[in-house]
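As the structure lists them, so they are numbered: ligands from 1, and atoms in each ligand from 1.
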Amino acid sequence: MSGGGPSSGPTLAFVSGFLGSGKTTAIVGLCRLLGARGVRTAIVTNDQGRHQVDLAFARAAGVPAVAVSDGCLCCRFDDFEERVRELAVAARPQAVFAEAVGSCTDLVATVARPFEAYRERHGAEAGHLSTFVDVRLLGPYLAGRRLPFADHVLYIFERQLAEADVIVLNQRDRVAPERAQAVLEATRERWPRTPALLASAFDEGDLLAWYDLITSARSRPRADVEVDYARYTEGELALAWVDRTLRLCDPLGADLAATVVALLEATARRLRAAGLAVGHLKAHARGEAGEAKLGLVAGDVAEAAEGEAIVAAFYGVAESGAEHDRVSLQTPEGAAGDSVPRLGSTVELLVNLRAVGDPDAVAACLDAAVAELLSRVAVTVDTVEGAAFRPGVPRPRHRLTGPGRGPR
Ligand SMILES: Nc1nc2c(ncn2[C@@H]2O[C@H](COP(=O)(O)OP(=O)(O)OP(=O)(O)O)[C@@H](O)[C@H]2O)c(=O)[nH]1
Ligand SMILES: [Mg+2]
């Protein structure tokens, strides 16, 4: 990334990687670090839905952010360019991070190359494509163990890694160092031409090492990977997207943070019991006393599973599987650890739930968790809006392959 002077446009780093791998956490963390060092940054978030937890979280952290919504960057390429132009004027960033939807692949051909080719339209430089992956999922995947996703979903997971300029093995703080190192070595064996690093999205040194890699990695031809769109489409269609905005209120004025955590954990428990493997259950909660992002990802469930039982862990092995349903919390400043931040007694909760299965069945788990909550505590819950759908067939606006070189 050149860093861009006042007269040149920003450099744009593309960030892909499976649902819940830690893209937003790392990007927001890095933007805050760079901001403290005087580098102006901005973020483009992207989702198939309209109301994005990632956008809310980036803005809560004070990073200028815009969203490409209702489709992925490749299908909404013109909108993507427009948003980048808008950002360049509004925030004059030197570095922009564009996060792709976690179920997207083929980004080199359909996003990075077209972005390079149409530089004069938006004025930004195309940088590297970093692919994030949860080390807790990649380890078992490379070892040939079964993961609870259909083959076509795993196809997307694998293609994202195959086309990366840089692979970031994230969530390293969640596994023993020697295990993380073994996954790094297996990754280098599988994709020997691709620089790979272990990271925790909450570790400043790791984030700066990632930045260093994407700003200094030598130019190399962008990887031209084949993508079988029939399989890619099958993978997308196997997933469910459920978005919901809820307004919770405690009439006695009590803080609702623990209630929000309980609601999401009950949703996770019901998904498991229904055999619907979670990709990412994420939420942004904003109350009069504070805000937080809450989440549970596939890797958390895999981590909670013992030994070979990863698949079983996703499918209701134990009613008492509290470990499997533990939601983690983040404040705009960073990891919240075990402490639950105060939110207040009136909370707007935006839920983005991505799982494998039928959208109505996934939505029903959230509905049932709300009903369970209402039967237990005296809060009111109003649904402001909601949607349940499948991500849809990928139809890129452009697809460019060829001998073009990667970022300089
Ligand atoms: N301990 C730990 N938790 C992490 C790390 N990175 C992300 N998380 C947590 O993992 C969850 C998912 O992180 P996100 O940054 O939202 O993941 P994402 O890839 O942007 O997810 P999608 O946009 O839904 O695909 C959140 O609950 C984070 O707090 C990490 O390196 N270590
Ligand atoms: Mg994200």
Side-chain angles (χ1 to χ4, degrees), residues 14-32 43-49 51-61 63 65 67-69 72-73 97-105 130-138 153 156-157 160 168-175 180 197-207 209-210 239-243 261 264-265 268 278-285 292-304 325-338 341 350-355 391:
F14 302 97
V15 183
S16 80
F18 197 64
L19 300 163
S21 50
K23 302 177 289 294
T24 307
T25 309
I27 294 170
V28 169
L30 180 56
C31 286
R32 286 174 60 88
I43 301 177
V44 182
T45 63
N46 176 220
D47 200 66
Q48 309 278 3
H51 301 284
Q52 301 181 10
V53 166
D54 291 359
L55 179 70
F57 185 69
R59 288 186 171 163
V63 184
V68 173
S69 42
C72 49
L73 295 178
F97 295 84
E99 176 183 341
V101 185
S103 62
C104 263
T105 189
S130 303
T131 297
F132 274 64
V133 63
D134 189 330
V135 70
R136 297 168 300 174
L137 292 180
L138 186 59
V153 175
I156 295 174
F157 177 89
Q160 290 175 337
V168 182
L169 301 162
N170 194 41
Q171 315 251 18
R172 78 168 167 91
D173 56 301
R174 312 288 286 265
V175 302
L197 84 160
L198 284 168
S200 161
F202 293 120
D203 185 287
E204 294 191 357
D206 289 351
L207 292 177
W210 170 42
L239 296 165
W241 249 234
V242 172
D243 291 340
V261 170
L264 296 173
E265 291 186 344
V278 71
H280 195 181
L281 164 57
K282 59 182 169 179
H284 185 258
K293 184 176 165 204
L294 304 95
L296 175 110
V297 299
D300 298 338
V301 185
E303 179 192 341
D325 309 319
R326 185 147 299 156
V327 162
S328 31
L329 288 117
Q330 245 176 295
T331 64
E333 292 74 40
D338 286 334
L350 169 60
V351 181
N352 291 168
L353 168 49
R354 285 82 182 93

I'd like the name of whichever of [options] reaches closest to [atom] through any heavy atom.
atom                    : options          : value
atom 19 (O) of ligand 1 : R354, Q52, K23   : K23
atom 14 (P) of ligand 1 : V15, T25, L207   : T25
atom 22 (P) of ligand 1 : R174, K293, H280 : H280

Could you give the distance from [atom1] ([X]) to [atom2] ([Y]), rounded to the nearest 0.5 Å?
X    : Y    : atom1 : atom2 : answer
L55  : N46  : CG    : CG    : 11.0 Å
D203 : L198 : CG    : CG    : 11.5 Å
L353 : D243 : CG    : CG    : 8.5 Å
L294 : S328 : CG    : OG    : 8.5 Å
L30  : T25  : CG    : OG1   : 12.5 Å

Give me the nearest non-hydrogen protein atom to [atom] as residue plus atom name, then the distance to 0.1 Å.
atom                    : answer
atom 6 (N) of ligand 1  : N170 ND2, 3.0 Å
atom 17 (O) of ligand 1 : G22 N, 3.1 Å
atom 11 (C) of ligand 1 : V297 CG1, 3.7 Å
atom 31 (O) of ligand 1 : A201 N, 2.7 Å
atom 1 (N) of ligand 1  : D173 OD2, 2.7 Å
atom 29 (O) of ligand 1 : Q330 OE1, 2.8 Å

Does the pair W241 and N352 meet the rule for a side-chain hydrogen bond (donor to acceptor under 3.5 Å, both in side chains), with working shown? CA-CA 7 Å; W241 249 234; N352 291 168; over 6 Å; no
CD/E333: more than 12 non-hydrogen atoms of other groups inside 6.0 Å: yes
Please name the atom of D54, restricted to N, O or S, that is closest to the Mg ion (ligand 2).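 Of all N, O or S atoms belonging to D54, OD2 is the one nearest the Mg ion (ligand 2).
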Of all N, O or S atoms in E99, which has the smallest distance to the Mg ion (ligand 2)?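 Nearest N/O/S atom: OE2.
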Under 4.0 Å from any heavy atom of [X], which atoms of ligand 1 are there?
X    : value
K282 : 22 (P), 23 (O), 24 (O)
L19  : 25 (O)
S328 : 27 (O)

Does the side chain of Q171 pick up a donor-acceptor pair with the side chain of S200 at under 3.5 Å? no
Test item, [X] contacting ligand 1 (heavy atom, 4.0 angstrom):
X    : result
S21  : yes
F132 : no
R172 : no
E99  : yes

Heteroatom distance test (L296, ligand 1): nitrogen or oxygen, under 3.5 angstrom: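 L296 vs ligand 1: no N/O contact under 3.5 Å.
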Please report the C-alpha distance between Q52 and T45 in whole Å, then the side-chain angles of each, then the deciding distance to 0.1 Å, and finally whether the side-chain hydrogen bond (donor to acceptor under 3.5 Å, both in side chains) criterion is met. CA-CA 8 Å; Q52 301 181 10; T45 63; 2.6 Å; yes
Proximity to ligand 1 by part of [X], non-hydrogen separation under 4.0 Å:
X    : answer
Q171 : both
T24  : both
D54  : side chain

Write down the atom of D300, the atom of R326, and the distance for their closest heavy-atom approach. OD2-O, 4.5 Å
Give the intermediate values and the outcome of salt bridge (charged side-chain N to carboxylate O under 4.0 Å, His left out) for residues R174 and D134. CA-CA 10 Å; R174 312 288 286 265; D134 189 330; over 6 Å; no
Salt bridge (charged side-chain N to carboxylate O under 4.0 Å, His left out) between K23 and D54, intermediate numbers included: CA-CA 10 Å; K23 302 177 289 294; D54 291 359; over 6 Å; no
Would S103 and R354 satisfy side chain to side chain contact (heavy atoms under 4.5 Å, CB included), going step by step from the backbone distance to the final call? CA-CA 10 Å; S103 62; R354 285 82 182 93; over 6 Å; no
Is the distance between the Mg ion (ligand 2) and the nearest N/O/S atom of T45 smaller than 2.8 Å? no
Can the positive tip of K293 be found less than 6.0 Å from the middle of the six-membered ring of F57, inside 45° of the ring normal? yes
